[in-house]
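Below is one structure, written out as structure tokens; the observations come after it.
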Amino acid sequence: MKFQAPKGVSEYLPPKSQTFSWVRNQFARVIGSNGYELVELPVFEDTELFTRIGASTDVVSKEMYTFEDRGGRSITLRPEGTVGALRAVIEHGLDRGSLPVKVYYSGAYFRAERPQAGRYRQFYSVGAEAIGSEDPALDAEMIAMADSAFRSLGLSNFTLQMTSLGDSASRAAHRVDLVKFIAKLDLDEATRERAALNPLRLFDDKREEIRSAMSDAPRLLDYLSKESAEHFAQVQELLTALGIKFEINPRMVRGLDYYTGTTFEFVHHQLGAQSGIGGGGRYDGLMKEIGGQDISGIGFGLGVDRAILALEAEGKVPAPTTSDLFLIPLGVESKARVLQLAAELRASGLIVEVAYGDKSLKSAMKQADKSAARYSAVVGESELSAGSVEVKEMASGASTSVTLSALSKFFASK
RNA sequence: GUGGGCGUAGCUCAGCUGGUAGAGCACUCGGUUGUGGUCCGAGAUGUCGCGGGUUCGAGCCCCGUCGUUCACCCCA
């Protein structure tokens, strides 16, 4: 019985692991360029932090990895990033300075779901939060930031969908009418229970009969208060001014129930059922709910795993970077010199590999070929006494004689 | 949690109506003296996911189980 990775986890091995870290770096770079600062947070938190905010969502009620630690505390592997980030902001008083607080984070999340394409029990996402401003410009900038994060990867076949969930008064008014509407529908038991938890979820049902039954349902967008409607209108204007295309999707429902006001989701068109590559929204009451000031915030999560699937679907996976130089020592005496040379060249920023084992030159060359190094060089006694090596460009087969001392200069021009 | 597909060498898979396993790729070595990519030769590799059952005999049939995959629910 061989050991296997736990069910439903994604693992990134070479060369895919390069894509993985590249995606995370691109996301972080774009977010950082907006002035957001990195926070490194724990992957587990007090269970209550999560149950407080989402008892009516499957994410919290059914899909959490929860366990008791040795001190009898109930601990949960984070199923999402926002509340942990807010907890840290509140705990360390980051919101006591100038607002908004702008932070981002990158890491793994855990949900005990049945795995399928694009859905894993441990998945990675990069998130950002801006807390303490209600300016619609912040909403627009947040959305634009997510958009350019995806575009920085070269992705293009996705759509930005938006809606506004309004303020609590808007939602309460809508809910009354929606519940009345749903009560008249002929629904199965499971669906009815779902609707009881959160009637909005029926808008998101994939079954055709439910979809058509819901087509006449009262829409939250029609219930927005004047302030909410105006705020949302401004967000749309600003996005249009930024040249960012979006679709208003009044049926959109987010997985976490704390969202209010502007809510958005990026949907990729070449993925399977799990097509959301990122999304987020505004949360008015969340800071207060977990013990902070009564201020609004907005944030998003960008799915790293799904972005990678999207890159593959669009054929945009970047070519993996390879070594610059593959050094082949010939004879025991040259090993020391080769290791020394390799260290020097690496210090100047090159990726340098060395052939190990006293194989034939032929197999060492084959190894160089497989490593996909751009150049190779054999270093034997004659090279050492001559003080120069033949640097061979693997693609063309052409070689150039370079003195040992000029090697790093040679590569500086390549 | 529910439903369907699939589980055979490192990878992708073949294996006809049951008769005790194969291909391609990859890997290792070689095709004589210090230069790879093509070509040729040789070689290593599997408790056919696991456990039961049917049968003279099961990779092929049945049951269970685990894993995997896709979809539902849900979501990054």
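Residue numbers start from 1 in every chain, and the chains themselves are labelled A, B, ... in the order their sequence lines are given, proteins ahead of strands. Source: prediction; values computed, not measured.
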Test applied, side chain to side chain donor-acceptor pair (under 3.5 Å); reference residue, A:T76; option that passes from A:T47, A:D46, A:T51: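 Among A:T47, A:D46, A:T51, the one that satisfies the side chain to side chain donor-acceptor pair (under 3.5 Å) with A:T76 is A:T47.
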Counting the atoms with a prime plus P, OP1 and OP2 as sugar-phosphate, which does [X] contact under 4.0 Å by heavy atoms, base, sugar-phosphate, or nothing?
{"X": "A:A368", "result": "nothing"}
{"X": "A:E63", "result": "sugar-phosphate"}
{"X": "A:A364", "result": "nothing"}
{"X": "A:V59", "result": "sugar-phosphate"}
{"X": "A:I328", "result": "nothing"}
{"X": "A:G8", "result": "sugar-phosphate"}
{"X": "A:Y124", "result": "nothing"}
{"X": "A:I277", "result": "sugar-phosphate"}
{"X": "A:G127", "result": "nothing"}

Any chance you could measure [X], atom [atom1], to [Y], atom [atom2], to the nearest 0.5 Å?
{"X": "A:T163", "Y": "A:R251", "atom1": "OG1", "atom2": "CZ", "answer": "12.0 Å"}
{"X": "A:R306", "Y": "A:L155", "atom1": "CZ", "atom2": "CG", "answer": "14.0 Å"}
{"X": "A:I290", "Y": "A:E91", "atom1": "CD1", "atom2": "CD", "answer": "11.0 Å"}
{"X": "A:T260", "Y": "A:R282", "atom1": "OG1", "atom2": "CZ", "answer": "7.5 Å"}
{"X": "A:F300", "Y": "A:E129", "atom1": "CZ", "atom2": "CD", "answer": "9.0 Å"}

Measure from the side chain of [X], starting at C-beta and using heavy atoms only, and say which of [options] lies closest.
{"X": "A:S363", "options": "B:G34, B:C29, B:G36", "result": "B:C29"}
{"X": "A:A273", "options": "B:C72, B:G34, B:C74", "result": "B:C72"}
{"X": "A:R114", "options": "B:G1, B:U35, B:C74", "result": "B:G1"}
{"X": "A:Q274", "options": "B:U35, B:A76, B:C72", "result": "B:C72"}

Should the side chain of [X] and the base of [N] be counted as holding a donor-acceptor pair, with the cut-off at 3.5 Å?
{"X": "A:R201", "N": "B:C73", "value": "no"}
{"X": "A:D369", "N": "B:G36", "value": "yes"}
{"X": "A:E113", "N": "B:A76", "value": "yes"}
{"X": "A:R119", "N": "B:C74", "value": "yes"}
{"X": "A:Q116", "N": "B:C73", "value": "yes"}

Pairwise [atom1] distance, [M] and [N] [rounded to whole Å]:
{"N": "B:U69", "M": "B:U8", "atom1": "P", "answer": "13 Å"}
{"N": "B:C27", "M": "B:U33", "atom1": "C1'", "answer": "27 Å"}
{"N": "B:G37", "M": "B:C29", "atom1": "P", "answer": "13 Å"}

Between [N] atom [atom2] and [X] atom [atom1], what is the distance in whole Å?
{"X": "A:L271", "N": "B:C74", "atom1": "CG", "atom2": "P", "answer": "19 Å"}
{"X": "A:K366", "N": "B:C40", "atom1": "NZ", "atom2": "C1'", "answer": "11 Å"}
{"X": "A:F110", "N": "B:A76", "atom1": "CZ", "atom2": "P", "answer": "16 Å"}
{"X": "A:L309", "N": "B:U69", "atom1": "CG", "atom2": "P", "answer": "12 Å"}
{"X": "A:K62", "N": "B:C75", "atom1": "NZ", "atom2": "C1'", "answer": "12 Å"}
{"X": "A:F326", "N": "B:G37", "atom1": "CZ", "atom2": "P", "answer": "14 Å"}
{"X": "A:Q4", "N": "B:G7", "atom1": "CD", "atom2": "C1'", "answer": "11 Å"}
{"X": "A:Y120", "N": "B:U68", "atom1": "OH", "atom2": "P", "answer": "12 Å"}

Any A:F410 side-chain heavy atom under 4.5 Å of A:T403 side chain: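 A:F410 does not reach A:T403 side chain to side chain.
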Non-hydrogen side-chain atoms of A:I295 and A:I131 separated by less than 4.5 Å: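 Side chain of A:I295 against side chain of A:I131, heavy atoms only: contact under 4.5 Å found.
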Partner of A:Y124 by ring pair (Phe, Tyr, Trp, His ring centres under 6.0 Å), out of A:F27, A:F20, A:Y105, A:Y109: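 Single ring pair (Phe, Tyr, Trp, His ring centres under 6.0 Å) partner of A:Y124 among A:F27, A:F20, A:Y105, A:Y109: A:F20.
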Pairing annotation in dot-bracket form, given for RNA chain B with Watson-Crick or G-U pairs under 3.5 Å and | for cross-strand partners: (((((((..((((........)))).(((((.......))))).....(((((.......))))))))))))....
State whether [X] places a side-chain N or O below 4.0 Å from either non-bridging phosphate oxygen (OP1 or OP2) of [N].
{"X": "A:S360", "N": "B:G30", "value": "yes"}
{"X": "A:K7", "N": "B:U68", "value": "yes"}
{"X": "A:K370", "N": "B:U28", "value": "yes"}

Ring geometry between A:H174 and A:F203 (parallel below 30°, tilted from 30 to 60°, perpendicular above 60°):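 Parallel.
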Centroid-centroid distance, A:Y375 to A:F411, less than 6.0 Å: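 Yes, ring centres under 6.0 Å apart.
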RNA chain B: 5'-proximal contact among A:E265 and A:P115 (nearest heavy atom):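 Its nearest nucleotide lies further toward 5', so the answer is A:P115.
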Given RNA chain B, 5'-ward residue of the pair A:A5 and A:D305, judged by closest heavy atom: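 It is A:A5, whose closest nucleotide lies nearer the 5' terminus.
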No-hydrogen, no-angle side-chain donor-acceptor test under 3.5 Å, A:E314 and A:N157: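 Judged by distance alone, the side chains do not pair up.
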Strand-adjacent residues in residues 382-393 of chain A, judged by heavy atoms under 4.0 Å from RNA chain B: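 A:S382, A:E383, A:K392 - these, ordered by number, are the residues of the stretch whose heavy atoms sit under 4.0 Å from the strand.
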pi-stack flag for A:F123 and B:A76, centroid dist under 5.5 Å, interplanar under 30°: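 Yes, A:F123 stacks on the base of B:A76, since the ring centres sit under 5.5 Å apart and the planes are within 30°.
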Check ion pair A:R201-A:D257 (N to O, under 4.0 angstrom):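 The answer is yes: the pair qualifies as a salt bridge.
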